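Let me begin by presenting the structure, written as structure tokens, before commenting on it.
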Amino acid sequence: MSRHVAIVTDSTAYLPQPAMARHGITSVPLTVVLGDEALEEGTEISARSLALALQKRRSVTTSRPSPEDFVRAYRAAVEAGATGIVSLHLSAEFSGTYDAAVLAAKSATVPVRVVDTGMVAMALGFCALAAAEASEAGGSLDEVVAAAEKRAAGMSAYFYVDTLDYLRRGGRIGAAQALLGSALAVKPLLTLDGGRIEMLEKVRTASKAIARLEELAVERAGSGPVDVAVHHLAAPERAEKLAQRLRERIPGLVELHVSEVGAVIGAHTGPGLLAAVVSPR
């Protein structure tokens, strides 16, 4: 059998299902705990159900996959012919998913490289796609990891939330920043930096914040070949409008994905989220 490096990621990559099937990428789901009910992201709870629960102020928390979940995923990859595995995951600052994958890798029967991409959503998804393309080109384990890490290094993710309260509750942003935003009645623009969510700018109104989000994405995209993703939670019209503007304004656009984030990320951002992920090729 020819050399084959399998790609494993987690459900927060929010990769389109056709792309996962085309490249043979495996996704291990995180869990959303709604009240006292634990539900797998992507199969047992939808983003829309999560948004409704948040709006009703129900208790929502999230949890990582277990090491056993990764053991099963790695075993399945080996049974399908993998001679090595690259396991790419959301920032370890957000979740213990990376740690669970590292534990599982120790018992795998083939080499497993676990990578903390420092990313989330399609910023993670684009890393997985780059890894899959390197694998399909016959790349070694090191070459596949390098392809993912190179893509991560050039990535930018900007996002707008209606309120910082959900991020504060989940411990994903400092209470001082959240309270400052509330006190000043500003609309925050955030970014991923060093695997953490950081305040980028404070804007006075939602419309100005979304216009600024568009400008940041266009500036970062430049004129070379670039992939872009637009994410939202319970804001499809807002997302489609932004996507259309980016199609018109980014000359080197190769692929543009528009999708609703899943329940895990939605639990920490709240309804109204709008995000742009820019990934130069």
Side-chain angles (χ1 to χ4, degrees), residues 7-15 25-32 41-42 60-67 69-70 73 86-105 112-131 144-161 164 166-175 177-178 188-200 216 220 227 229 231 233 257 259 261-270 273-280:
I7 310 302
V8 174
T9 187
D10 60 68
S11 60
T12 68
Y14 303 134
L15 279 163
I25 298 171
T26 299
S27 176
V28 177
L30 276 74
T31 299
V32 176
E41 181 176 41
V60 181
T61 58
T62 59
S63 65
R64 70 177 194 179
S66 69
D69 292 329
F70 283 108
V86 173
S87 201
L88 302 158
H89 301 294
L90 82 161
S91 172
E93 294 283 345
F94 300 157
S95 165
T97 300
Y98 168 82
D99 294 332
V102 168
L103 284 172
V112 179
R113 294 282 297 279
V114 183
V115 180
D116 172 9
T117 65
M119 299 292 157
V120 74
M122 272 300 293
L124 169 58
F126 285 133
C127 292
L129 290 174
V144 171
V145 170
E149 290 179 337
K150 181 179 178 181
R151 200 72 184 265
M155 199 87 62
S156 296
Y158 309 106
F159 53 108
Y160 161 83
V161 291
L164 290 170
Y166 296 101
L167 285 163
R168 179 190 59 77
R169 284 187 224 166
R172 265 61 181 186
I173 198 166
Q177 284 185 304
L189 282 175
L190 307 166
T191 189
L192 281 176
D193 185 11
R196 299 184 181 197
I197 295 171
E198 301 288 354
M199 183 80 75
L200 185 63
L216 288 166
R220 181 67 186 90
D227 295 325
H231 288 304
L233 180 62
H257 303 275
S259 64
V261 297
V264 168
I265 300 305
H268 295 294
T269 62
L273 164 75
L274 188 64
V277 177
V278 181
S279 179

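Quick caveat, the model's predicted, so the values are computed rather than measured.
With sequence neighbours excluded, no residue forms a ring-ring contact (aromatic ring centres under 6.0 Å, His included) with His231. Shown here are the side-chain contact (heavy atoms from CB on, under 4.5 Å) partners of Thr26, two or more places apart in sequence or in another chain: Val8, Ala73. Residues passing the salt bridge (Lys or Arg N to Asp or Glu O under 4.0 Å) test with Arg113, sequence neighbours excluded: Asp142.
Between the Ser279 side chain and the Asp227 main chain, no donor and acceptor come within less than 3.5 Å of each other. Judged by distance alone, the side chain of Asp10 and the main-chain N or O of Leu30 form no donor-acceptor pair under 3.5 Å.
Heavy atoms only, all atoms of each residue included: Val261 and Tyr14 are closest at CB-CE1, 3.9 Å. Closest non-hydrogen pair, Ala123 versus Cys127, comes out as O-SG, 3.3 Å. Counting all heavy atoms, side chain and backbone alike, Ala148 lies closest to Ala131 at CB-CB, 4.2 Å. Summarising the geometry of Val32 relative to Ala263, their closest heavy-atom pair is CG2-CB, 3.5 Å, with the distance given to 0.1 Å. Shown here for Pro280 and Gly154, the closest heavy-atom pair between the two residues is CD-O, 3.2 Å. For Leu233 against Gly266, the heavy-atom pair with the smallest separation is CD2-CA, 3.6 Å.
Summarising the geometry, atom CG belonging to Asp193 is positioned 13.5 Å from atom CE belonging to Met199; distances are rounded to the nearest 0.5 Å. In this structure, CG in Asp116 is found 8.0 Å from CD in Glu93, a value given to the nearest 0.5 Å. Distance OG/Ser11 to CG/Leu124: 9.5 Å, rounded to 0.5 Å. Summarising the geometry, atom OG1 belonging to Thr191 is positioned 7.0 Å from atom CZ belonging to Phe159; distances are rounded to the nearest 0.5 Å. Summarising the geometry, atom CZ belonging to Arg151 is positioned 7.5 Å from atom CG belonging to Leu129; distances are rounded to the nearest 0.5 Å. The CD1 atom of Ile197 sits 7.0 Å away from atom CG of Leu190, with the distance rounded to the nearest 0.5 Å.
Taking 4.5 Å as the limit, some side-chain heavy atom of Asp99 sits within range of a side-chain heavy atom of Arg64. Residues Val115 and Ser87 fail the side-chain proximity criterion, which asks for heavy atoms closer than 4.5 Å. Using a 4.5 Å heavy-atom threshold, the side chains of Pro188 and Val161 count as touching. Using a 4.5 Å cut-off on side-chain heavy atoms (C-beta onward), Met122 and Leu15 make contact. The closest side-chain heavy-atom distance from Leu216 to Val278 is not below 4.5 Å.
Ring pair His89/Phe70 is perpendicular by interplanar angle, where above 60° counts as perpendicular and below 30° as parallel.
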Quiz item: Does the pair Tyr158 and Leu189 meet the rule for a side chain to side chain contact (heavy atoms under 4.5 Å, CB included), with working shown?
Solution: CA-CA 7 Å; Tyr158 309 106; Leu189 282 175; 5.9 Å; no

Exercise. Go through Val120 and Val264 one step at a time and tell me if the side chain to side chain contact (heavy atoms under 4.5 Å, CB included) criterion holds.
Key: CA-CA 11 Å; Val120 74; Val264 168; over 6 Å; no

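When each of Thr12, Leu192, Ile265 is checked for a side-chain contact (heavy atoms from CB on, under 4.5 Å) with Phe94, only Leu192 meets the rule.
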